[in-house]
There are 2 protein chains.
Amino acid sequence: MGISERKERERQEMRTKIIDAATAMFMTEGYEKTSIRNIAEKIEYSPATLYLYYKDKDELLYEVQKQAFSKLEEAFAREVNSTDPLERLSQICHSYVHFGKDNPKMYDLMFMMQAPMNTIKENEPWKNNKDSFVVLLDCLTECMEKDLLRFDDAMLAAFSVWAMGHGLVSLNVSCRLQTMNMTGANVDVLITTAIDQYLKQIKK
Amino acid sequence: MGISERKERERQEMRTKIIDAATAMFMTEGYEKTSIRNIAEKIEYSPATLYLYYKDKDELLYEVQKQAFSKLEEAFAREVNSTDPLERLSQICHSYVHFGKDNPKMYDLMFMMQAPMNTIKENEPWKNNKDSFVVLLDCLTECMEKDLLRFDDAMLAAFSVWAMGHGLVSLNVSCRLQTMNMTGANVDVLITTAIDQYLKQIKK
DNA sequence: TTTGGAAAATAAACAGTGTTTAGTAAATTT
DNA sequence: AAATTTACTAAACACTGTTTATTTTCCAAA
């Protein structure tokens, strides 16, 4: 009975082969400019073969999104380690912003693009985001147990902090900060300053 | 010499005819699913004709974006009227959030999508956003002159408030709030609550 | 009023896209 | 060795944005 196991293994290998190629091309060229044909050519298979492993291009993107969230969780695991909950909150925020700055294309498909969400519709709720959100929620819950923040509800606090972080990062990723004429380096300072200011403002 | 004036007038009429059709279709079907051929068919001209009036599809979208920002400015003009700067700040925030909730497709192309920004590149800086941003900046400048807010710099304050508002709205528009399982009505309450909470937190 | 030329509109083509279908080649089972 | 299942692909379908060559429409001068 080793054959069906090998087949299943080979199937998984093929899936990751496809996803890896797709990820690489989405990151360098962007989603729209990456075609199924390009991906197929890169892994030296015919375009039709991809459809034996993934339903459509959106599902491919959804899988890439999954991987991107793992990257964010890894970043959190590396950079969020303080036992002081307020300090940890700061680490989470800066880790998040840093991730967005270093991986704009990933950030785009994780939090901004419509395409990968089309795969959900009517299905189970989206949960790619869950683990990293829970890191934030747990941190804020601890902060509030110790009465450190000017919030009444941990969930509202988590949502607010996320919204602020996302607002700062996504306006940058979507190039909307051209409104305030600044160079790239200044934008980084601006975002970091805004985050620190916000943390001070919500602190009790 | 009335002929060349009529021609110019007819040219402008054609341009608005195209933009109006494009706007309507972008709003109902979305940018990707709206094709040049569809727009051409709607206004009963050949696809090639559109290229006599607009360089490419991105430029079309850029023009639609311009109109969308006018709509936002109209909303501000209608809903932002208090002489009390703090009250006015609240009106701006709620007007902004309300606009995003009522016009998600417009909000998307104004603040989230990459496509319309491709038209800028290397050109003059993007300024479609400027007027509405100045409304916010002026309000915050007045707030700070009267020492009402926990900010040191009006520009940073404007950026922060915008980021918070944008974060709240855009996470909703991009369907990322599925993370927190809520019905549509509850999401509205959550966003409004978050805004009000934030305004309290930045108040001196 | 006819004619020449400019301007406006288009038909058709080009090079691409995501996806499906029908058919071939390989691997496994009988 | 034959039959059957599995894996793959060539070719087609119905689109897409955009360009080119051609036709139609319009206006001015002869």
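Only a predicted model underlies this, so the values are computations on that prediction, with no experimental measurement involved.
Ranking D:dT9, C:dT10, D:dG17 by closeness to the B:A48 side chain, first place goes to C:dT10. The side chain of A:D56 approaches C:dT19 more closely than any other nucleotide in the set C:dT19, C:dT17, D:dT16. Checked against D:dT19, C:dA8, C:dG18, the side chain of B:L52 finds its nearest nucleotide in C:dA8. Of the candidate nucleotides D:dT18, D:dA7, C:dA9, D:dA7 has the atom nearest to the side chain of A:K7.
The OH-P distance, from A:Y54 to C:dT20, rounds to 17 Å in whole Å. Separating the CG atom of B:L60 from the C1' atom of D:dT18 is a distance of 13 Å, rounded to the nearest angstrom. Atom CG of B:L50 and atom P of C:dA8 are 15 Å apart (whole Å). When the P atom of C:dT20 is taken as reference, atom CD1 of A:I36 falls 11 Å away, rounded to whole Å. The distance between atom NZ of B:K57 and atom P of D:dT16, rounded to the nearest whole Å, is 9 Å. When rounded to the nearest whole Å, the span between OH of B:Y51 and P of C:dA12 equals 18 Å. A:N118 has its CG atom 11 Å from the P atom of C:dT19, to the nearest Å. If you measure from atom CD of A:E32 to atom P of C:dT17, you get 12 Å, rounded to the nearest angstrom.
OP1 or OP2 of C:dA9 has at least one side-chain nitrogen or oxygen of B:Y53 nearer than 4.0 Å. In this model, the phosphate group of D:dC8 is not approached by any side-chain N or O of A:S46 to a distance below 4.0 Å at OP1 or OP2. For A:T49 and D:dT9, the shortest distance from a side-chain N or O to OP1 or OP2 is below 4.0 Å.
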Task: Test log, rule ring-ring contact (aromatic ring centres under 6.0 Å, His included), inputs B:F151 and B:F159 - done: CA-CA 11 Å; B:F151 278 106; B:F159 178 49; over 10 Å; no
Task: From CA spacing to verdict: ring-ring contact (aromatic ring centres under 6.0 Å, His included), B:F69, B:W126 - done: CA-CA 12 Å; B:F69 271 102; B:W126 182 59; 5.7 Å; yes
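Place A:S35 and B:R11 on DNA chain C by their nearest nucleotides, and B:R11 ends up nearer the 5' end.
Heavy atoms of other residues, nucleotides or ligands lying less than 6.0 angstrom from NE2 of A:H94 number more than 12.
Without hydrogens or angle criteria, B:R176 side chain to A:M110 main chain gives a donor-acceptor distance under 3.5 Å.
Residue-level contact check: A:N38 touches the backbone only, with heavy atoms under 4.0 Å from sugar-phosphate atoms and none from bases.
Nearest heavy-atom pair, B:A194 versus A:S160, reported as atom, atom and distance to 0.1 Å: CB-OG, 3.9 Å.
Counting atom types as modelled, A:R37 pairs no side-chain N or O with a base atom of C:dG16 as donor and acceptor under 3.5 Å.
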